[in-house]
Amino acid sequence: MKRFELPSIIGSIVAAGIALGAVVIGSNASLHAELRTEVQSLRAEVRTDIRALEHRLVAVERRQARTEGLLEGLRDAIAAQRLQDPPARKEST
């Protein structure tokens, strides 16, 4: 082997390793930024879905309260009617 062959091979390997490392680091940073963007988008979607569910739940609670009020009114009306009009008894002859 010539005197400068081994150092040039080692230098080439080191240079290739450094270049490969730079590519990996750059790619990692890009992936990290993309992942951050995706997570933020997912959080925004989840928040929107949760808000929609909250609105639906409020509507259901209102309808349930209205139905409960109607049932209580109906129960009170039936109870009041029973107190006012006792059933007529048939008298035996």
Side-chain angles (χ1 to χ4, degrees):
M1 262 204 219
K2 294 186 182 179
R3 188 173 185 189
F4 295 107
E5 259 184 60
L6 184 60
S8 70
I9 292 173
I10 292 174
S12 297
I13 292 173
V14 169
I18 291 172
L20 185 59
V23 168
V24 168
I25 290 172
S27 175
N28 188 21
S30 173
L31 287 175
H32 184 68
E34 184 178 341
L35 181 62
R36 183 181 308 132
T37 303
E38 290 292 324
V39 167
Q40 288 173 347
S41 173
L42 182 60
R43 283 182 182 166
E45 268 184 50
V46 169
R47 287 183 184 135
T48 302
D49 291 345
I50 288 174
R51 284 189 195 113
L53 285 174
E54 287 174 355
H55 291 300
R56 290 180 64 189
L57 181 60
V58 166
V60 169
E61 288 173 343
R62 287 181 183 157
R63 288 194 305 266
Q64 180 182 357
R66 182 171 180 245
T67 303
E68 287 175 352
L70 291 172
L71 287 175
E72 287 177 9
L74 183 59
R75 182 193 66 210
D76 293 344
I78 291 171
Q81 187 178 12
R82 284 187 183 166
L83 291 175
Q84 290 176 357
D85 299 328
R89 291 188 178 187
K90 294 183 181 178
E91 294 193 21
S92 302
T93 52

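The residues of the chain are indexed from 1 along the displayed sequence. Since this is a predicted model, take the numbers as computed values, not measurements.
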Original post:
Given side chains that start at C-beta, do those of Glu34 and Thr37 come closer than 4.5 Å, heavy atoms only?
Top reply: no
Original post:
Can you tell me how far CG of Asp76 sits from CG of Leu71, rounded to the nearest 0.5 angstrom?
Top reply: 11.0 Å
Original post:
Would you say Thr48's side chain and Ala44's backbone share a donor-acceptor pair under 3.5 angstrom?
Top reply: yes
Subject >> side-chain contact (heavy atoms from CB on, under 4.5 Å) involving Ile10 - partner list, sequence neighbours excluded >> reply: Leu6, Val14
Subject >> side chain to side chain donor-acceptor pair (under 3.5 Å) involving His32 - partner list, sequence neighbours excluded >> reply: Arg36
**OP:** Could you point out which residue of Glu54, His55, Arg62 forms a side chain to side chain contact (heavy atoms under 4.5 Å, CB included) with Val58?
**Re:** Arg62
Original post:
How far does CD1 of Ile25 sit from CD1 of Ile18, to the nearest 0.5 angstrom?
Top reply: 10.5 Å
Subject >> With sequence neighbours excluded, residues passing side-chain contact (heavy atoms from CB on, under 4.5 Å) with Val39 >> reply: Leu35, Arg43
Original post:
Backbone N or O of Val23 within a donor-acceptor pair of the Ser27 side chain at under 3.5 Å?
Top reply: no
Subject >> Atom pair CG/CD of Leu31 and Glu38 - distance to nearest 0.5 Å >> reply: 11.5 Å
